[in-house]
Amino acid sequence: MEQADSVSSLVERARDGDQSAWDSLVERYLPLVCGTIARTGLYGAQAEDVNQTVWLRLVEHLDEIREPLALPGWIATTARRECIRALQKQSRLVPVDPQAGSTQLESGSSQPALDEALLADERRQALRDGLAELPEDRRALLLLLLEDPPLPYREISARLGIPIGSIGPTRVRALAQLRNSAAMRALITTTEAQGR
Amino acid sequence: MPYDDDEALLRDLGDAVADSRAVTERARAAARAAFAWRTIDEELLELDHDSRSAGLLVRGVDTARVLGFRGREVTLEVELDRGHLTGQVIPGQVCRVSVVTPAGDRWEVLSDESGVFMRPLEVSGPVRFVVDVGGRTRGTAWVTV
């Protein structure tokens with residue numbers, strides 16, 4: 001699979017000490033790490049510490065990556081764990097009721113909730129990778145359709161130089177291609193393999 | 001598999017693209033610079049236990065951070081508590097323990113013959129511990145303290 005091959009070769013070259021291969025891995029997965037951190041509500045120095053720790057951990061583990069398809073899952077899991085630790089550090093500054101003991105669980109941090117969040121992290125990564133696989137014109141159309149506030153069709157038509165009437169059909173084809181991208185198919189393979 | 005309908009797919013794609021906007025230049029620079037810490041031929045002491053649980057968010061009295069690292073022949077226990085580092089290398093022997101940050105800051109301490117060491121330490125952020133004993137260097141996984 002093209003998807004896995006390119007990640008494998010980047011990992012392999014990084015193992016051999018190739019900084020540019022490492023930088024490519026960083027570009028590919030930095031939105032996964034930063035997005036995960038932002039979603040937990042961490043910011044500033046704590047967010048930077050978590051980001052740095054995740055990448056330092058990945059450097060340590062380069063030699064142990066056997067399955068490149070599992071890499072986004074590993075990164076998302078490591079980022080989530082470090083976020084939780086950072087939140088615990090933060091929470092010790094919050095006065096707590098001594099009667100409540102030391103094992104009071106925060107709501108929303110149950111194991112199923114965590115698994116669901118990890119799955120969503122991996123899905124977003126697959127969507128970004130899938131988007132990168134599309135031809136430039138289809139990718140550009142999808143990005144314009146995602147603008148917030150939404151752009152009128154005539155604006156999209158003008159920017160891309162395509163007739164208004166072709167936007168709808170192209171959108172359908174682009175999304176079908178995204179759904180069928182190597183990245184999205186790989187996501188199905190890995191999640192099914194893990195029985196999720 | 002999700003995404004039978006285009007609207008759900010487009011919505012999630014929107015979230016995925018938005019993650020890219022959470023990327024900062026500082027985050028990119030730190031991620032790239034992490035590669036300089038690639039160490040070959042140095043045994044890694046893996047994180048074995050951490051008082052700050054990674055699984056569930058537990059609220060409680062968490063003044064001391066206790067970390068345990070494990071390698072093939074050596075384990076390292078450390079406790080960081082209010083500006084003080086205490087620890088032990090097992091099996092006990094005289095060794096040099098260093099605390100290192102990604103920026104290159106370094107604090108050293110020599111253990112006694114039972115492997116016990118202590119020193120004042122004010123540090124925050126990612127660190128790793130490096131144990132030098134009998135001419136061999138072993139480094140721990142990075143942890144955020």
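Quick note on labels: first sequence line is chain A, next is B, and so on, each numbered from 1. Note that the structure is predicted; figures quoted are calculated from it, not measured.
Both the backbone and the side chain of B:Leu10 come within contact range of chain A, each with at least one heavy atom under 4.5 Å from a heavy atom of that chain. For chain B, the nearby part of A:Glu64 is the side chain; its heavy atoms alone come within less than 4.5 Å. Using a 4.5 Å cut-off between heavy atoms, A:Arg15 contacts chain B through both its backbone and its side chain. Of the atoms belonging to A:Ile37, not a single heavy atom falls under 4.5 Å from chain B. The parts of A:Ala14 that come within reach of chain B are both its backbone and its side chain, each placing non-hydrogen atoms under 4.5 angstrom from that chain. Contacts of B:Val143 with chain A are made by both backbone and side-chain atoms, with heavy-atom separations under 4.5 Å. Of the two parts of B:Thr140, only the backbone, made up of N, CA, C and O, holds a non-hydrogen atom closer than 4.5 Å to a non-hydrogen atom of chain A. Of the atoms belonging to A:Leu131, it is side-chain heavy atoms, and not backbone ones, that fall under 4.5 Å from chain B. Within the 4.5 angstrom heavy-atom criterion, no atom of A:Leu25 approaches chain B.
A salt bridge links A:Glu27 and B:Arg32; the closest N-O separation between the charged side-chain nitrogens and carboxylate oxygens is under 4.0 Å. Electrostatic pairing of B:Glu46 and A:Arg57 does not count as a salt bridge here, judged by no charged N lying under 4.0 Å from a carboxylate O. Note on A:Arg128 versus B:Asp15: no salt bridge recorded, every NZ/NE/NH1/NH2 to OD/OE distance being 4.0 Å or above.
Distance check, rounded to the nearest 0.5 Å: CZ of A:Arg179 to CG of B:Leu13 gives 11.5 Å. Residue A:Leu30 holds its CG atom at 9.0 Å from OG of B:Ser20, rounded to the nearest 0.5 Å. Atom CZ of A:Arg85 and atom CZ of B:Arg52 lie 9.0 Å apart (nearest 0.5 Å). Separating the OG1 atom in B:Thr24 from the CD atom in A:Glu48 is a distance of 6.0 Å, to the nearest 0.5 Å.
Looking only at side-chain heavy atoms (C-beta outward), A:Arg123 and B:Asp12 come within less than 4.5 Å of each other.
Without hydrogens or angle criteria, B:Trp142 side chain to A:Leu58 main chain gives no donor-acceptor distance under 3.5 Å.
When all heavy atoms of B:Ala31 and A:Asn51 are compared, the pair lying nearest together is N-ND2, 4.4 Å.
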Salt bridge (charged side-chain N to carboxylate O under 4.0 Å, His left out) between A:Arg39 and B:Asp19, intermediate numbers included: CA-CA 9 Å; A:Arg39 227 169 274 106; B:Asp19 278 357; 2.3 Å; yes
Residue pair B:Leu9, A:Leu127: steps toward the side-chain contact (heavy atoms from CB on, under 4.5 Å) verdict: CA-CA 9 Å; B:Leu9 177 57; A:Leu127 285 165; 3.6 Å; yes
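Shown here is B:Arg26, whose CZ atom has no more than 12 heavy atoms of other residues, nucleotides or ligands within 6.0 Å.
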